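See below for the structure under consideration.
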Amino acid sequence: MPPVILNEKLRSDLVASQKIPVHMDDYISFEDSSAYRFEAIMRKLGNDQGVSNTKVEFMEMGVYPNKMVCSAIEPIGETSIAVDYPAYAHKDNLILNTRTGEIYLMAEDVGGTTTTGFIKVTAHTGSGGITAATAVNDVLLILPEAHAEGEPVPDGYSMKPEFLSTYIMQSDMSCGPYTDIAEAQGEYGEKQIAINRKLKWIEWKQKKALAFYFGAEQRETTSAGGPRRHTMRGLRNWFTTNRIDYSAVTGGVSLSSIGELMRNVTMIGASSDSKLCMAGQNAMVTASALPATAIRTDINTEKWGWAIKTIVTTFGTLGLLYEPVFSSENGLADVMCVIDTKHTKMLHLNGLKDRMYLDVGSKRDIHNMEDVISGTFGLRVNHEKTGAWGYGIV
């Protein structure tokens, strides 16, 4: 048969199929998607965002804090109180000690101005010192400014946004090599090269899942002698506010401690009412021992394709999904991770999602080829205090 000569522009439908990168997630369903459940769930939710830079920067704004904590004991009659964040309090604020019930009046323009680490106060009467001694860890609530008739308005103040960033990492994995004859040769059943491709894809996803949980963020130029190498930040390193060692919690994972967990992760207004818990082996065993009336199978079973057990608390609902990564075989049976899916997004560089390039060879060797899996990925978590990392579960 004579060769086909193309006397026209090269179109995508005229490119040899071997040269087309394969986006395998788009049309292949693997039973072993259980090996990378977090990534699969985020993708099904549409929580996969393309970005245009390896460094992703974003900002968050919280509400102005209205709480301080005493850091030392102050005796009766004292007018300076040691607190953790004195600059939170301003001129003429009323300050409530929630343990003693006493109210103080701020006596300086900004806390910490008179003495570093202290707020200057008077008794509620406007003069004199406090009437009840403080204790370490007393909580002081900042009430409104109490204005005296005709006096000037206090100086204003504001708060800077918090600037956050994360990195996108690139990763490659080869599958092969194999010869052109091995690819062309007929075999019974599914070709071994096709089986190898599927297994490599699953291995890729497993390793990626580990990075989503345990990745440590870094941008460095040392290891490659100049070129930048990026590594992404995983959930264990994103969640800094709510890190819970359940070996130190009375009763461990119980209905009571789950309720307290949900209270902590739903404390801010931006939080979702429901959370998803990627639960490890020990957490699921413990959940199985909870009263049957406390747990039900969520209707999202059809949506996720997995049976999610839901615990209903006063502070919100917690969906439990077993994460095979958190198993005794991996040394992670004591771990669980609570996620607010509204504030958690997978990231990739535009045009560089996970894909498999087939039949990659060198220019001078047409007989030996390999497949290459390549992709870019990272993780962005807004309002990290809406999630939690638990460990030490027995």
Side-chain angles (χ1 to χ4, degrees), residues 34 37-38 40-42 45 47 67 137 139 209 212-214 234-328 330-344 379 381-394:
S34 61
R37 287 187 169 183
F38 170 74
I41 283 177
M42 291 294 103
L45 279 172
N47 288 3
K67 182 184 76 172
N137 294 327
V139 175
F212 277 134
Y213 286 123
F214 300 103
L235 290 170
R236 182 175 66 174
N237 291 308
W238 266 114
F239 296 139
T240 57
T241 301
N242 297 311
R243 297 182 65 87
I244 306 166
D245 181 359
Y246 278 95
S247 66
V249 175
T250 302
V253 176
S254 61
L255 287 178
S256 176
S257 65
I258 290 173
E260 177 63 12
L261 166 68
M262 288 300 294
R263 186 185 74 84
N264 287 331
V265 297
T266 57
M267 193 171 292
I268 67 172
S271 170
S272 302
D273 292 332
S274 60
K275 308 288 180 176
L276 177 63
C277 176
M278 307 303 290
Q281 179 179 334
N282 293 352
M284 291 304 290
V285 169
T286 301
S288 299
L290 295 175
T293 54
I295 302 178
R296 61 180 174 83
T297 299
D298 194 89
I299 59 173
N300 279 334
T301 297
E302 295 180 6
K303 180 177 179 180
W304 301 120
W306 299 298
I308 297 180
K309 306 298 182 181
T310 302
I311 299 178
V312 180
T313 76
T314 304
F315 303 101
T317 58
L318 181 66
L320 293 176
L321 177 62
Y322 176 53
E323 171 54 272
V325 169
F326 301 152
S327 65
S328 55
N330 291 336
L332 297 169
D334 66 317
V335 173
M336 72 177 188
C337 180
V338 176
I339 303 159
D340 190 321
T341 57
K342 183 173 73 172
H343 297 304
T344 307
L379 197 63
V381 177
N382 285 84
H383 306 297
E384 59 82 22
K385 62 188 68 173
T386 62
W389 186 270
Y391 59 98
I393 302 169
V394 296

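The basis for the numbers below is simple: all heavy atoms, side chains too, and nothing from hydrogens, waters or symmetry mates. Small disclaimer: the values here were computed from a predicted structure and weren't measured.
- Residue G259 comes nearest to F315 through the heavy atom pair O-CD1, 3.3 Å, listed as atom of the first residue, atom of the second, then distance.
- D340 places no side-chain N or O within 3.5 Å of a backbone atom of K275 that could act as its donor or acceptor partner.
- Scanning both residues, G251 and S254, for their nearest heavy atoms gives O-CB, 4.1 Å.
- Nearest heavy atom pair, residue Y246 against residue S257, reads CE2-OG, 4.0 Å.
- Side-chain contact between W238 and W389 is absent, with no heavy-atom pair separated by less than 4.5 Å.
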Output, in order, the C-alpha distance, side-chain angles, deciding distance and verdict of side-chain contact (heavy atoms from CB on, under 4.5 Å) for K385 and V265. CA-CA 6 Å; K385 62 188 68 173; V265 297; over 6 Å; no

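- In this structure, the side chain of R263 does not engage the main chain of I258 through any donor-acceptor pair within 3.5 Å.
- Heavy atoms only, all atoms of each residue included: M336 and A283 are closest at SD-CB, 4.2 Å.
- The CD atom of E384 lies 10.0 Å from the CZ atom of R243; values are rounded to the nearest 0.5 Å.
- Considering all non-hydrogen atoms of both residues, C277 and L318 come closest at CB-CD1, 3.7 Å.
- The side-chain heavy atoms of T344 and L379, taken from C-beta on, include a pair separated by under 4.5 Å.
- Listed for the K342 side chain is a donor-acceptor partner under 3.5 Å among the backbone atoms of A270.
- To the nearest 0.5 Å, atom CD of residue E323 and atom CG of residue N330 are 9.5 Å apart.
- Exactly one residue among L235, N237, T241 makes a side chain to side chain contact (heavy atoms under 4.5 Å, CB included) with F239. That residue is L235.
- Here the shortest heavy-atom pairing between A333 and S328 reads CB-N, 3.6 Å.
- In this structure the side chain of T266 never reaches within 4.5 angstrom of the side chain of D273, judged on heavy atoms.
- In this structure, I311 and L255 have side chains that are in contact, with non-hydrogen atoms separated by less than 4.5 Å.
- Screening V335, L332, D334 for a side chain to side chain contact (heavy atoms under 4.5 Å, CB included) with N282, the sole residue that qualifies is D334.
- S327 contributes a side-chain N or O that, together with a main-chain N or O of P324, makes up a donor-acceptor pair within less than 3.5 Å.
- By the 30° and 60° cut-offs, the orientation of the rings of F212 relative to F38 is perpendicular.
- Side-chain contact between I244 and Y391 is absent, with no heavy-atom pair separated by less than 4.5 Å.
- Side-chain N or O atoms of S271 include none that pairs as donor or acceptor with a backbone N or O of I268 at under 3.5 Å.
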Yes or no on side chain to side chain donor-acceptor pair (under 3.5 Å) for Q281 and Y322, after CA distance, side-chain angles and deciding distance? CA-CA 7 Å; Q281 179 179 334; Y322 176 53; 4.9 Å; no

